[in-house]
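First the structure, in the form of structure tokens, and then the observations on it.
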Amino acid sequence: MGRLTGKVALVTGGARGIGRGIAELFAAHGAAVTAVDVLDPAAPEGPADPAPRDGTGTLEHGRLDVTDERGWAETVAGVEERHGRLDILVNNAGVGSYEAVHELAPDEWQRVLGVNQTGVYLGMRAAIPALRRSGGGSIINISSIYGAAAVPGSLAYQATKGAVRSMTRNAAVTYAPDNIRANAVLPGWIRTPMTLAQTREFNDAVIASTPLGRGAEPLDIAHGCVYLASDESSYVTGTDLVIDGGFLAR
Ligand code: NAP
């Protein structure tokens, strides 16, 4: 029996990177997973986890731009139609942004807020009625170490990732009576298309500031998400799970 057997999950930004890792590991642990993205899924990345598969998990890919309110309604309705319920929402889709406030154009500010913050709002808004119909569930919002600590520049990114933590705590206290838990995950430097598109200097500086002296892989985040998605974390809500090699402990 997998740790997520019988659960139905929806993961945004699930075509690649951290979202892909979460979707594959959830399926490996027995969940019926729908991974949505603006992109087509990357080629299968192989077995996600050395843990034994229980054979009941499934992974299907679909399209959703998380800024699209109607798309959210259709996506959640589709999951309920195919699987009869929704138990887990992972708001993972996000975009990077690196400008300091004096050089940040209003359009870019709105673009980043649209995906990283409004996308999380729309996701929770669409999913909560379905989670209620399931008798409860788990919302996992992917924030960042930069939602807790400032580094120079990246104003919009840091603003949205801080907001995601606040929105998560708000959802936790608001929907606790519905048995809906909400937690944020704060990754440090993870090897994904997003970070590999950054300059080498930027990446080297983050890793040099990481006490463990290295970055990590999407699976390192996915393992934490399995815990938050499963009943093992049934008393955990409104918190941050920091998976950062010690970055925030400095
Ligand atoms: P990634 O490699 O860029 O993957 C994110 C996926 O989300 C991409 O396929 C991306 O498509 C998609 N996406 C972007 N905008 C979307 C939208 N409007 N609707 C649906 N999907 C959308 O990024 P990642 O590194 O895996 O990051 C995943 C999450 O972790 C993000 O929220 C990020 O902020 C957070 N995070 C990452 C790190 C890290 O070190 N990698 C650290 C802390 C937090 P496009 O390529 O077209 O944008």
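By convention here, the first residue in the shown sequence is residue 1. Read the numbers this way: they start at 1 and go in the same order the structure lists the ligands and their atoms. Predicted model, so just to flag it, every value in this text is computed and none were measured.
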Taking only non-hydrogen atoms of Asp65 and a 4.0 Å limit, the atoms of ligand 1 in range are 17 (C), 18 (N), 19 (N)

Check the surroundings of atom CD in Glu232: do more than 12 heavy atoms from other residues, nucleotides or ligands lie under 6.0 Å from it?
-> yes

Of the protein's non-hydrogen atoms, which lies at the shortest distance from atom 48 (O) of ligand 1, and what is that distance?
-> Val95 CG1, 4.2 Å

In this structure, atom 26 (O) of ligand 1 is nearest to the protein heavy atom Ile18 N, 2.8 Å

Is any side-chain N of the basic residue among Arg63 and Asp37 closer than 4.0 Å to the acidic one's carboxylate O?
-> no

Glu81, CD atom: more than 12 neighbouring heavy atoms under 6.0 Å | no

Can you spot which of Thr58, Val8, Ile88 makes a side-chain contact (heavy atoms from CB on, under 4.5 Å) with Phe26?
-> Ile88

Among protein heavy atoms, which sits nearest to atom 45 (P) of ligand 1, and what does the distance come to when rounded to 0.1 Å?
-> Leu39 CD1, 3.8 Å

Looking only at N/O atoms, are Lys161 and ligand 1 under 3.5 Å apart anywhere?
-> yes

For atom 33 (C) of ligand 1, what is the nearest protein heavy atom, given as residue, atom name and distance?
-> Tyr157 OH, 3.5 Å

Min heavy-atom dist Gly188 to ligand 1 below 4.0 Å | yes

Answer side chain, backbone, both or neither: which part of Tyr146 comes under 4.0 Å from ligand 1, heavy atoms only.
-> neither

Any side-chain heavy-atom pair from Thr118 and Leu122 closer than 4.5 angstrom?
-> yes

Decide whether the shortest distance between a heavy atom of Arg20 and an atom of ligand 1 is less than 4.0 Å.
-> no

Got a salt bridge between Arg85 and Glu80, using NZ or NE/NH1/NH2 to carboxylate O under 4.0 Å?
-> no

Under 4.0 Å from any heavy atom of Thr195, which atoms of ligand 1 are there?
-> 39 (C), 40 (O), 41 (N)

Is the closest heavy-atom distance from Ser143 to ligand 1 below 4.0 Å?
-> yes

Which of the numbered atoms in ligand 1 are below 4.0 angstrom from a heavy atom of Trp189?
-> 40 (O)

Under 4.0 Å from one or more heavy atoms of Gly17, ligand 1 contributes atoms 26 (O)

Aromatic Phe202 / basic Arg200 pairing, under 6.0 angstrom, 45° off normal = no

Quick one: does Val38 get within less than 4.0 Å of ligand 1, heavy atoms only?
-> yes

Polar contact flag for Ile145 and ligand 1 (N/O pairs, less than 3.5 Å) = no

Ranked by distance from atom 43 (C) of ligand 1, the top protein heavy atom is Pro187 O, 3.4 Å

Backbone, side chain, both or neither: what part of Leu64 comes under 4.0 angstrom of ligand 1, heavy atoms only?
-> backbone

Best match, Asn92, Thr118, Asn116, Ile190: closest heavy atom to atom 31 (C) of ligand 1 = Asn92

Which atoms from ligand 1 have a heavy atom of Gly94 less than 4.0 Å away?
-> 14 (C), 31 (C), 32 (O)

Which residue and non-hydrogen atom of the protein lie closest to atom 12 (C) of ligand 1, and at what distance in Å?
-> Asp37 OD1, 3.3 Å

For atom 2 (O) of ligand 1, which candidate among Met194, Gln198, Glu217 provides the closest heavy atom?
-> Met194

